Number of protein chains: 2
Amino acid sequence: MDKSPSPGVLDMPQEAPLIQDPKSLVDSYPVVPITVDCVIFGFDENELKVLLIRSDLEVFEGKWSLLGDVVHDTEELDEAAYRVLRQRTGMEDVFLEQVKTFGSPNRHPGGRVVTVAYCSLLNVLHHQLKILDNELHWHAVNQLCDMAFDHKDIIDECYSWLQKRIQEHPLAFNLLPEKFSLRQLQNLYEAILGVSLDRRNFRKKFFSMDFLIDIEEYEEDVPHRPGKLYKFNFEKYEQNKRKWFGIDF
Amino acid sequence: MDKSPSPGVLDMPQEAPLIQDPKSLVDSYPVVPITVDCVIFGFDENELKVLLIRSDLEVFEGKWSLLGDVVHDTEELDEAAYRVLRQRTGMEDVFLEQVKTFGSPNRHPGGRVVTVAYCSLLNVLHHQLKILDNELHWHAVNQLCDMAFDHKDIIDECYSWLQKRIQEHPLAFNLLPEKFSLRQLQNLYEAILGVSLDRRNFRKKFFSMDFLIDIEEYEEDVPHRPGKLYKFNFEKYEQNKRKWFGIDF
DNA sequence: GCAAAAGTGTTGTCCTTACACCCATGC
DNA sequence: GCATGGGTGTAAGGACAACACTTTTGC
């Protein structure tokens, strides 16, 4: 019920005096710790997975938790998220995007902690987990329970974000191996969106986009006719970024 | 370059010991102030506007700034944003949504301050500004300059967010008076999206959605044939929320 | 009667959907 | 040779884009 201005001041021309010392202003603000939490999606065995560790808080004993850490003093928020990802999985060069900030006063049992959720997609097989502390594990997104903190809410938000995002940008390719079959691609879309799609139309759609490179290789060791393998043409996609218009609600 | 766990602990079965006192863990974290900033868009004289005040910091003398304030100790982030809006404009019952969090270490001259940007849309005429301190004013979005802090970046992000959002959800109606002509609606879309649209197709589009209520009234005091006025059927829209699918990039 | 903007339909194109049969491989 | 999934084409319907003339009002 107050307005923000006016510690260390000094009268000035017009109406309100200007604040000369921003530092003492900021020092008067209440403070809280800021963390980042990474929701890292992967795809394996035709299921969308998310990377979790066991919480190391006793109050959450046995519950699963997102990968997160405090943001350091001089660190960008994005940097902090990349650092967590690197430290926990050993991976670099991964797509990572801010999704939403969660700051309920009681979301952390140790006092208020505001967390910025980042979402990341990576390929379970290509990116072997290099560090396995706290039982770092992939969990099927559809079978989550007993999460620590508000991490279930965070995952739900990120999952919705992903469903939407993957229809506007070809993020899905970050979840697949470098070479993939169209069936794998379709399985991925079906898993993420929770729908089933017509195989022929799906192919037409992707071929007409013209972002797939036919590498003239085939699946091996499959008990049926092997499918062709493709790579995604990231370069071409970057050039043709969509000029987007269409009112549609 | 460290991992997060392990102040006040005590050895335990398996590998890592569990933390029994979350409070002392959180107390060990570095802390920063959290603020919210509101990017309040309005529409007037066929221009998209944003609500700004003069910065009250001397280092930003003469520059414009978003409406913002510190988040109180026991306050939800959303609540804080609504409070700012209420205190600065006198308005309640306005659409408000979290857009993105900005936390560069040097974005505030008084020390690190992390801010959560919220976006709000309201109707310039309907919602008269009740409080006019710090030269609270509407500014054309296309003519911003000399903003304090990183507020120009924040507005840019929110503007992009709005352009996208308004094509998926009928947010635009929050910017118009209760009764509006189709021309007003089209002007609004053209202003926000920065394109010009075919009048007949625009009408067809909106009539076919069937969310406009014909109230059998007409414009008055216009020097040409008066247009029909409509209301937006928020209720019907809520019921028919879009089931959305279409890969499209 | 003139200026200014409202109102109105049709057509072609493209995109989306639905749908069924043959093919290549492993066993 | 059979089971499994890969690969392919077409037709109908719906959405979108382009486009010009008549109507109503104030002055």
Side-chain angles (χ1 to χ4, degrees), chain A residues 45-47 166-168 170 176-177 179-191 193-231 240 242-249, chain B residues 45-47 166-168 170 176-177 179-191 193-231 240 242-249:
Chain A
E45 295 172 10
N46 286 347
E47 266 192 323
I166 206 172
Q167 294 180 68
E168 293 167 6
L176 291 174
K179 305 171 180 185
F180 53 87
S181 67
L182 271 174
R183 167 52 55 184
Q184 282 175 285
L185 183 59
Q186 183 173 343
N187 284 343
L188 174 55
Y189 271 88
E190 291 182 339
L193 299 174
V195 295
S196 65
L197 304 169
D198 180 273
R199 201 166 83 256
R200 282 168 293 191
N201 294 334
F202 186 84
R203 302 178 142 260
K204 259 181 294 181
K205 183 87 192 174
F206 275 87
F207 286 133
S208 74
M209 287 178 190
D210 209 25
F211 293 134
L212 298 179
I213 303 169
D214 182 344
I215 56 172
E216 302 287 344
E217 292 180 41
Y218 292 84
E219 290 176 302
E220 286 171 25
D221 299 319
V222 289
H224 55 79
R225 172 173 175 179
K228 269 198 167 180
L229 297 178
Y230 300 86
K231 290 185 185 180
N240 295 27
R242 169 160 198 231
K243 41 197 173 322
W244 181 55
F245 177 71
I247 300 165
D248 207 3
F249 47 84
Chain B
E45 294 172 9
N46 285 348
E47 265 192 323
I166 206 172
Q167 294 179 69
E168 294 167 5
L176 291 174
K179 305 171 179 183
F180 53 87
S181 67
L182 271 175
R183 166 54 53 184
Q184 283 175 285
L185 183 60
Q186 184 172 342
N187 285 343
L188 174 55
Y189 271 87
E190 292 182 339
L193 299 174
V195 295
S196 66
L197 303 169
D198 180 273
R199 202 166 80 254
R200 281 167 293 189
N201 293 336
F202 185 85
R203 301 177 143 261
K204 257 182 293 182
K205 183 84 191 175
F206 275 87
F207 286 132
S208 74
M209 286 177 190
D210 211 24
F211 293 135
L212 297 179
I213 303 169
D214 181 343
I215 56 172
E216 303 285 345
E217 292 181 41
Y218 292 85
E219 289 177 303
E220 285 171 25
D221 297 319
V222 288
H224 57 78
R225 174 172 174 179
K228 267 199 170 182
L229 298 178
Y230 300 86
K231 291 184 185 181
N240 295 28
R242 169 161 197 230
K243 43 201 169 317
W244 182 55
F245 178 70
I247 300 165
D248 207 4
F249 46 84

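Sequence lines set the chain letters: A, B, ... in the order given, protein chains first and strands last, and positions in each chain run from 1. On a predicted model such as this, the values are computed, not experimentally measured, just so you know.
- Between the CG atom of N46(A) and the CD atom of Q186(A) there is a distance of 10.5 Å, given to the nearest 0.5 Å.
- In this structure, the separation between NE2 on H224(A) and CZ on R183(A) is 9.0 Å, given to the nearest 0.5 Å.
- Note on ring orientation: taking the six-membered ring where Trp is involved, the planes of Y230(B) and F180(B) are tilted (angle from 30° to 60°).
- Taking a heavy-atom distance under 4.0 Å as the criterion, the stretch of DNA chain C touched by chain B extends 5' to 3' from dA4(C) to dT10(C).
- Where D221(A) and K228(B) meet DNA chain C, the nucleotide closest to each residue was compared, and K228(B) sits on the side nearer the 5' end.
- Rounded to the nearest 0.5 Å, atoms CD (E219(B)) and CG (L229(B)) are 6.0 Å apart.
- Note that the NZ atom of K179(A) and the NZ atom of K231(A) stand 6.0 Å from one another [nearest 0.5 Å].
- Contact between F249(A) and P170(B) at its shortest, heavy atoms only, is CE1-CB, 3.3 Å.
- Interface limits on DNA chain D: the 5'-most and 3'-most nucleotides within less than 4.0 Å of chain A heavy atoms are dT4(D) to dT10(D).
- Q184(B) contributes a side-chain N or O that, together with a main-chain N or O of S181(B), makes up a donor-acceptor pair within less than 3.5 Å.
- In the helix from dG1(C)-dC27(D) to dC27(C)-dG1(D), the rotation axis of the first five pairs and that of the last five pairs differ in direction by 0°, rounded to 10 degrees.
- Within residues 182-190 of chain A, no residue has any heavy atom under 4.0 Å from DNA chain C.
- Taking CE from M209(A) and CG from D248(B), the interatomic distance works out to 7.0 Å, rounded to the nearest 0.5 Å.
- Here CZ of R199(A) is found 10.5 Å from CD of E190(A). Values are rounded to the nearest 0.5 Å.
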Show me, pair by pair, the donor-acceptor contacts under 3.5 angstrom made by side chains of residues 201-208 of chain B, not counting sequence neighbours?
| unit_1 | atom_1 | unit_2 | atom_2 | d |
| --- | --- | --- | --- | --- |
| N201(B) | OD1 | K204(B) | NZ | 3.2 |
| N201(B) | ND2 | D198(B) | OD1 | 3.4 |
| K205(B) | NZ | I247(A) | O | 3.0 |
| S208(B) | OG | K204(B) | O | 3.3 |
| S208(B) | OG | K205(B) | O | 2.9 |

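- Taken residue by residue, residues 196-212 of chain B places heavy atoms nearer than 4.0 Å to DNA chain C at R199(B), R200(B), R203(B), K204(B).
- Across the interface with DNA chain C, nearest-nucleotide mapping of I247(B) and R225(B) shows R225(B) to be the residue nearer the 5′ end.
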Practice task
With side-chain contact (heavy atoms from CB on, under 4.5 Å) as the test, would you mind laying out the steps for L182(A) and L212(A) before giving the verdict?
Solution key: CA-CA 10 Å; L182(A) 271 174; L212(A) 298 179; 3.9 Å; yes

